[in-house]
Amino acid sequence: MMAEAAKLLARSKFAIAFTGAGISAESGVPTFRGKDGLWMRYRPEELATPEAFSRNPRLVWDFYKWRMKLIAKARPNRAHYALAKLEEMGILKAVITQNVDDLHREAGTKNLIELHGNIFRVRCTSCDYRENLKESCSLEEFLREELPKCPNCGSLLRPDVVWFGEPLPEEELSEAFKLARRADLILVIGTSGLVYPAAYIPYIVKENGGIVIEINVEESALTPIADIFLRGKAGEVMGTLLE
Ligand code: BV8
Ligand code: ZN
């Protein structure tokens, strides 16, 4: 299976990758729905929705600041680096991720589509102020603020991520669909395939006759459409695939 997958990847003309929280598990970033998953301890409705934020901004900020601290200490793993290498080799044309942890960018992926935003970016709930806390090197001081306020207009800042019930960023979503329509192969790595509209991506590749190769430690909602299912940890499988 592994040799077959490596051959298909080498022969592909327009391969892309679609990743979820599982690709960052080996970097120490908790997944959402796994046994130690985030949503096991918290209910998404309580934390990752605009209603939750307007009802209890401090609770939602506590959750995101806890994740920002945790993710800031995380480093990309072999799977992130393998995708960046495949892009350098001209095999992989883009990475479409549901993750907000910035690890693909840190591993060197250039053509990256973040469908659900980025946890290190904040934006104002009233004006168009935005800031990337990593670029402005102000993460430390930001994390000390109780309730972050906009330096422009004083309103509450929010994490620049897509919450449940919120639309995905228009540009990223249409770019992702365009890439999926062009792809003749998609690596689906570390996703339960439960969250829409992101989970449409592999179906679009399939519908256009593309090959679906899934890498996951267990079957997912997308496994039924996978041509090849490589059971294993993303870092290990991607490491071997690149050998
Ligand atoms: C939308 C960002 C409409 C924030 C996230 C009722 C009301 C409203 C909407 C809905 C509704 N019912 C359904 C919906 C649609 C909803 C949805 O799909 N819900 C699901 C749960 C049924 N979608 C939305 O709400 C989307 N918006 O529909 O808007 C609209 C349209 C126009 C105008 C107005 C409104 C927004 C969805 C985005 C939500 N934001 N995150 C944050 O991160 O805090 S979702 C969250 O789930 C993360 O982004 C995460 O990436 C994503 C998907 O999860 P996965 O990445 O797959 O992670 P998971 O833990 O589930 O799985 C991990 C996998 O890895 C597992 O398979 C595991 O086996 C594997 N694994 C573990 N370790 C490893 C591994 N694999 C390999 N190696 C390992 N080592
Ligand atoms: Zn503002």
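Every number for a ligand or one of its atoms is a count from 1 in the order of the listing. Scope of the values below: all heavy atoms of this structure, side chains included, with no hydrogens, waters or symmetry mates.
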| said: Tell me whether R182 at atom CZ has more than 12 heavy atoms from other residues, nucleotides or ligands lying less than 6.0 Å away. | reply: no
| remark: Under 4.0 Å between heavy atoms, the region of A48 that gets near ligand 1 turns out to be neither
| message | So if I count the atoms of ligand 1 from 1 in the order they appear, which ones are less than 4.0 Å from some heavy atom of T191? | response | 55 (P), 57 (O), 64 (C), 65 (O), 67 (O)
| remark: Taking every heavy atom of A72 against every heavy atom of L139, the minimum-distance pair comes out as CB-CD2, 3.8 Å
| task | Could you tell me the angle subtended at the Zn ion (ligand 2) by SG of C127 and SG of C150, rounded to 10°? | result | 110°
| request: Give the single entry among V162, L173, L230 that approaches atom 40 (N) of ligand 1 most closely by any heavy atom. | output: V162
| When the ring planes of Y64 and W163 are compared, do they come out parallel, tilted or perpendicular, using 30° and 60° as the limits? | tilted
| Close-contact set for ligand 1 against L194 heavy atoms, below 4.0 Å | 18 (O), 20 (C), 22 (C)
| request: Quick one: the SG of C124, the Zn ion (ligand 2), SG of C153 angle, rounded to 10°, please. | output: 100°
| field | Of the listed options H116, M238, E236, E166, closest to atom 38 (C) of ligand 1 (non-hydrogen atoms) | value | H116
| field | NZ/K233: more than 12 non-hydrogen atoms of other groups inside 6.0 Å | value | no
| Which atoms of ligand 1 have any heavy atom of N99 under 4.0 Å away? | 51 (O)
| query | Does an N or O from A234, backbone or side chain, lie closer than 3.5 Å to an N or O of ligand 1? | reply | yes
| query | When you look for heavy atoms under 4.0 Å from ligand 1, do you find them on the side chain of V217, its backbone, both, or neither? | reply | both
| message | Any nitrogen or oxygen of F63, side chain or backbone, less than 3.5 Å from one on ligand 1? | response | no
| field | Proximal ligand 1 atoms for E26, defined as those under 4.0 Å from one of its heavy atoms | value | 78 (N), 79 (C), 80 (N)
| Sidechain N-carboxylate O distance under 4.0 Å for E141, R144 | no
| Going by the order shown, which atoms of ligand 1 are within less than 4.0 Å of some heavy atom of E218? | 69 (O)
| Can you check whether R67 has an N/O within less than 3.5 Å of an N/O in ligand 1? | yes
| task | Determine whether more than 12 heavy atoms belonging to other residues, nucleotides or ligands lie under 6.0 Å from atom OH of Y129. | result | yes
| field | Proximity to ligand 1 by part of L47, non-hydrogen separation under 4.0 Å | value | neither
| query | Do the charged groups of R158 and E166 touch, with an N to O distance under 4.0 Å? | reply | yes
| query | Against heavy atoms of Y64, which atoms of ligand 1 measure under 4.0 Å? | reply | 4 (C), 42 (C), 44 (O)
| field | SB check R67 D101 (cutoff 4.0 Å) | value | no
| message | Using a 3.5 Å distance criterion without hydrogens, assess whether the side chain of N216 forms a donor-acceptor pair with backbone atoms of G190. | response | no
| Does a salt bridge link K13 with D184, judged by any charged N lying under 4.0 Å from a carboxylate O? | no
| field | Geometric N/O contact S220 with ligand 1, under 3.5 angstrom | value | no
| Any idea which atoms of ligand 1 are less than 4.0 Å away from a heavy-atom of A21? | 55 (P), 56 (O), 58 (O)
| task | Identify, by atom number and element, the atoms of ligand 1 in contact range of G190, meaning under 4.0 Å from any of its heavy atoms. | result | 63 (C), 64 (C), 65 (O), 76 (N)
| remark: atom 74 (C) of ligand 1: of G22, P30, G20, G193, the nearest heavy atom sits on G22
